There are 2 protein chains.
Amino acid sequence: MKPETDARTDTRKKILDLAEVLMLSRGFNAFSYQHISGELGVRNAAIHYHFPKKTDLGVALIERYRRRFARYVAAQAELSPPLQLERYFTLADTYYDKQQICPSGILSAELHTLPPEMRQCTASFVEEMRAWAIEIVRRGQASGAMRYVGTPEGMGTIVFAAMQGSLQLARLDGSALDEVKQQIRLLLGMTQA
Amino acid sequence: MKPETDARTDTRKKILDLAEVLMLSRGFNAFSYQHISGELGVRNAAIHYHFPKKTDLGVALIERYRRRFARYVAAQAELSPPLQLERYFTLADTYYDKQQICPSGILSAELHTLPPEMRQCTASFVEEMRAWAIEIVRRGQASGAMRYVGTPEGMGTIVFAAMQGSLQLARLDGSALDEVKQQIRLLLGMTQA
DNA sequence: GACACCTTACTGACCAGTAAGTAGAGTCGC
DNA sequence: GCGACTCTACTTACTGGTCAGTAAGGTGTC
């Protein structure tokens, strides 16, 4: 065992986990180090030890998201495009159940108030997610499992944008998310309407 | 002339106008009375005179939006559905040019940090916008100018969600908005692809 | 004794909100 | 046609709370 490494990793990870929940439900600007330290049973300065500036915490949060997302994409690379899309839908349901929105949604909404370092990696993160959505519908079209008008770029982008938007709308009207998911299936020719 | 009424209306309106710009670019939580009073050349307490609590300002902002939206809808009720949709696209372009996002986007993203009174009228506002999007595609389908799979509810909701999402994404990648607009036209059968 | 991982104790900035006072313009009695 | 009153639309001056961030010290482990 490596207790000191474990302790470091442990507290650091707990901070990130709590910050993530807070960011996805309240936004980056609307949570403070107090929210985290209070929940964690440590002092405010303990958070500053691991993440000197709040910007550092924000960047770490996004970078962790990017790594997680890359693993997520790689892990189900061999799945069929329609199945990948359904997994994406399930992920959105998970956010909805926790009354959260997706990271790209909150980050792009708050963009103008974020420190430059965070804007930078947000841009990379969002670009990766959009590229992934495009790739799904491109492969879906190539395999014949999906049929739609327009380009994979157009269709992938609208799927991504609609999912981000509907997750936000679902906070006000729970039916929005299901409605959009079903409509996407129809637009991709994945069901017999 | 009624000078006293003019003065009242004038400052009050200027406050609302500035608050609107600030909310659509930074979010409701990320602007302060200082931002407004500084720009306006008055003291902080002057804003509090017109809007005692920030919540009052927020509610007034949303209610004004609802009235404006109702007029907007009424004013172009006789236009053809495809033309109404194009007007909607133009409106989105206006937001994009100003580096803003749509009110429903910022309000639903920040929802959990908003005072209850604001959540209430946000819900009404978003419901009205969504209903309007549904109505456009419903009438478009009925007139034969739009053809699509699924229900008007599904299609209207996805159009609304996708526009909201793409306006946010467009802050990071300017092509997202145009891509989504074009894809919506295709999905509604409004162009010959 | 060096280092990781905290603590206590603090600073200065900003925030919404309030209380009390004031300038000016309109109104009314006379 | 002039003083007294009133109301609107502010001002100055302040409070208490929250915020990110820092400095210096302590404690346990290798």
Side-chain angles (χ1 to χ4, degrees), chain A residues 1-23 25-62 106 110 112-119, chain B residues 1-20 22-23 25-62 110 112-119:
Chain A
M1 295 237 204
K2 295 175 294 180
E4 86 291 341
T5 307
D6 275 353
R8 163 167 203 135
T9 307
D10 204 49
T11 304
R12 200 187 139 90
K13 187 180 177 302
K14 281 180 186 166
I15 293 169
L16 281 168
D17 289 345
L18 267 168
E20 183 179 317
V21 170
L22 286 164
M23 188 177 81
S25 62
R26 300 178 50 89
F28 182 74
N29 293 309
F31 78 84
S32 71
Y33 275 26
Q34 262 103 313
H35 287 111
I36 302 172
S37 58
E39 192 88 13
L40 218 65
V42 296
R43 293 305 180 153
N44 233 331
I47 320 285
H48 279 286
Y49 170 75
H50 291 282
F51 304 97
K53 308 288 162 82
K54 202 185 175 189
T55 301
D56 300 324
L57 174 57
V59 169
L61 221 45
I62 303 172
I106 194 71
E110 287 189 306
H112 288 0
T113 66
L114 297 180
E117 302 95 314
M118 283 183 70
R119 279 188 234 186
Chain B
M1 295 236 202
K2 296 175 291 178
E4 86 291 342
T5 306
D6 277 352
R8 166 170 201 134
T9 308
D10 204 50
T11 304
R12 198 187 140 90
K13 186 181 177 304
K14 280 181 186 165
I15 293 170
L16 281 169
D17 289 344
L18 267 168
E20 183 179 315
L22 286 163
M23 188 176 82
S25 63
R26 300 180 50 90
F28 182 74
N29 294 309
F31 78 83
S32 72
Y33 275 26
Q34 263 102 312
H35 287 110
I36 301 173
S37 59
E39 192 87 15
L40 218 64
V42 296
R43 294 306 182 150
N44 233 330
I47 321 287
H48 280 286
Y49 170 75
H50 292 282
F51 303 97
K53 308 290 162 80
K54 202 183 174 190
T55 302
D56 300 325
L57 175 56
V59 168
L61 222 44
I62 304 171
E110 287 189 305
H112 288 0
T113 67
L114 296 181
E117 302 94 316
M118 283 184 70
R119 280 189 233 184

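Lettering follows sequence order; numbering is per chain, from 1. Note that these values count all heavy atoms, side chains included, but never hydrogens, waters or copies made by symmetry. Nothing here was measured: the structure is a model prediction, and the numbers come from that model.
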For nucleotides 13-17 of chain D, give me every protein contact, N/O to N/O, under 3.5 Å, one pair per line with atom names.
none

inquiry  = So, OP1 or OP2 of C/dA16: does either fall under 4.0 Å of a side-chain N or O from B/Q34?
reply    = yes
query = Which nucleotide, D/dC10, C/dA16, D/dT12, lies nearest any side-chain atom of B/Y33?
reply = C/dA16
ask   = Nearest-Å distance, NZ (A/K54) to P (D/dC19)?
value = 9 Å
message = Can you measure A/H35 atom NE2 to D/dA20 atom C1' for me and round it to whole angstrom units?
response = 14 Å
message = OP1 or OP2 of D/dA9 versus the side-chain N and O atoms of B/T11: is any pair under 4.0 Å?
response = no
query = Where do A/L40 and A/K14 come nearest, in terms of heavy atoms and distance?
reply = CD1-CB, 3.6 Å
request  = Send over the distance from B/I36 CD1 to D/dC10 C1', rounded to a whole Å.
outcome  = 16 Å
message = If the cut-off is 4.0 Å, is B/H50 near the phosphate of D/dC10, judged by side-chain N/O to OP1 or OP2?
response = yes
query = Reckon B/F51 touches a base, only the sugar-phosphate, or nothing at all at heavy-atom distances under 4.0 Å?
reply = nothing
ask   = So, is A/K53 close to the D/dG21 phosphate, meaning a side-chain N or O under 4.0 Å from OP1 or OP2?
value = no
ask   = If you count the non-hydrogen atoms of other residues, nucleotides and ligands that lie under 6.0 Å from CD in B/E117, is the total more than 12?
value = yes
query = Out of C/dC15, D/dC10, D/dA20, which has the shortest distance to the side chain of A/S32?
reply = D/dA20
query = Within this structure, what is the CG-to-C1' distance between B/D56 and C/dA16, rounded to whole angstrom?
reply = 12 Å
query = When you check the phosphate oxygens OP1 and OP2 of D/dA9, does a side-chain N or O of B/Y49 lie under 4.0 Å from one of them?
reply = yes
